Amino acid sequence: MATFRKRKNKGSIPFPKSLRSHKAPMYPAQLEDADGAPIVRPRRSRGIYLLPNAFTTAALFCGFYAIVMAMNLKFDHASIAIFVAMVLDSLDGRVARMTNTQSEFGAQYDSLSDMVSFGAAPALVVYEWSLRGMGKLGWLAAFVYCVGGALRLARFNTNIAVVDKRYFQGLPSPAAAALVAGFVWLMDDLRFAGTDLSWASWVITLYAGITMVTNVPFYSFKDINFRKPVPFIAALLVVVVLVAISSDPSKVLFGLFVLYGISGYIVYAWRKIKGKPVSIVQTEHEEK
């Protein structure tokens, strides 16, 4: 059987073999630095750390529980839940640092939890307890507190790298929540009706909400090293404080946070008189 050879097209240009394959290589090329050492790309983790986020979730639950209890007119339970949320919120960051499980997810989740527990919950609790009867003035005061908490948290997240660690810029949202919830808890414990204390609740709610967004410095206690040895009197003072709180929690806790709530203005006035910088934001001019 005759065979015919395939004629080659004389006008065609041969395509280089190195460019014929259009398939991508199975493994990407290894990157190297200036010294020729291979650059190891960090593997992105797709999971979340359970332990610190469990504390954050528990704090979020306490904030939601406070809202539900306020709707059921159980204001003592609502106030206590906010204080429990404060304790849990103070633990999640420390647990994350101790176990080396810090993450961007945990930081954002903590801010959202704080907005519910220390922003929305105290505003709704005090509104249901006392401010509802004031009409527009009542819910406007609650809204000022709520938006003050949101702005305070947003500013804290953006200025965390430029603020003096020894002070908070404005009243911290947990302390503001303690002022509002502590007042509700104390007055309810003393059997005062919320409608009889509407203007007092209105003033405290506005004070807490506005102070959160001021530049008044409040001591943060972050420069205290708990790993160093302390005098014996310090341990005795801790015992005295714990005994005082357990004897009458509503009065002692509210009194402590009232003192802390006005301490920032005292520090502000003292620094102003001494001629020291009032702003705690570290600018380039101040660092030089």
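Computed from heavy atoms alone, side chains included, the values below leave out hydrogens, waters and symmetry copies. Source: prediction; values computed, not measured.
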| said: Is there a side-chain contact between V238 and V241 in this structure, where contact means two heavy atoms from C-beta onward sitting under 4.5 Å apart? | reply: no
| request: Determine whether V147 and L131 fall in the same hydrophobic cluster, where Ile, Leu, Val, Met, Phe, Trp and Tyr are linked whenever their side-chain heavy atoms lie under 4.5 Å apart. | output: no
| Can you get from V243 to V87 by hopping between Ile, Leu, Val, Met, Phe, Trp and Tyr side chains that sit under 4.5 Å apart? | no
| task | Measure the acute angle between the ring planes of Y219 and Y167, then classify it against the limits of 30° and 60° as parallel, tilted or perpendicular. | result | perpendicular
| said: For the CZ atom on F143, are there more than 12 heavy atoms of other groups (residues, nucleotides or ligands in this structure) within a distance under 6.0 Å? | reply: no
| said: Is it true that, when you exclude F64 itself, more than 12 heavy atoms of the residues, nucleotides or ligands shown sit nearer than 6.0 Å to its CZ? | reply: no
| M187 versus W129: any side-chain heavy-atom pair under 4.5 Å? | yes
| How are the rings of Y260 and F218 set to each other: parallel, tilted or perpendicular (split at 30° and 60°)? | tilted
| query | For residues S117 and D89, is any side-chain donor paired with an opposing acceptor at under 3.5 Å? | reply | no
| message | Could you check whether any side-chain N or O of S220 sits under 3.5 Å from a backbone N or O of K165, counting only pairs where one atom can act as donor and the other as acceptor? | response | yes
| query | Measuring from D110:CG to L60:CG, what's the distance to the nearest 0.5 Å? | reply | 10.5 Å
| task | Ignoring hydrogens and angles, tell me if any N or O in the side chain of R155 forms a donor-acceptor pair with the backbone of Q169 under 3.5 Å. | result | yes
| query | Shared ILVMFWY cluster between V203 and L259, side chains joined below 4.5 angstrom? | reply | no
| Donor-acceptor pair, side chain of S79 and main chain of D76, under 3.5 angstrom | no
| query | Rounded to the nearest 0.5 Å, what separation is found between the CG atom of L73 and the CE atom of M71? | reply | 10.0 Å
| query | Counting only N and O atoms by type, is there a donor-acceptor contact under 3.5 Å from the side chain of S113 to the main-chain atoms of Y109? | reply | no
| message | Just checking F192: does its CZ atom have more than 12 heavy atoms from other residues, nucleotides or ligands closer to it than 6.0 angstrom? | response | no
| Do any N or O atoms from the side chain of S130 and from the backbone of V126 form a donor-acceptor pair under 3.5 angstrom? | no
| said: Keeping T214 on the side-chain end and T211 on the backbone end, is there a donor-acceptor pair under 3.5 Å? | reply: yes
| task | Output the distance between atom OG1 (T99) and atom CG (L51), rounded to the nearest 0.5 Å. | result | 5.5 Å
| query | Which ILVMFWY residues are connected to L50, directly or by a chain of links, through side-chain heavy atoms under 4.5 Å apart? | reply | none
Side chains of residues 170-186: which donor-acceptor partners sit under 3.5 Å, not counting sequence neighbours?
none

| message | When you group the ILVMFWY residues by side-chain heavy-atom contacts below 4.5 Å and let the links chain together, are Y127 and Y145 in the same group? | response | yes
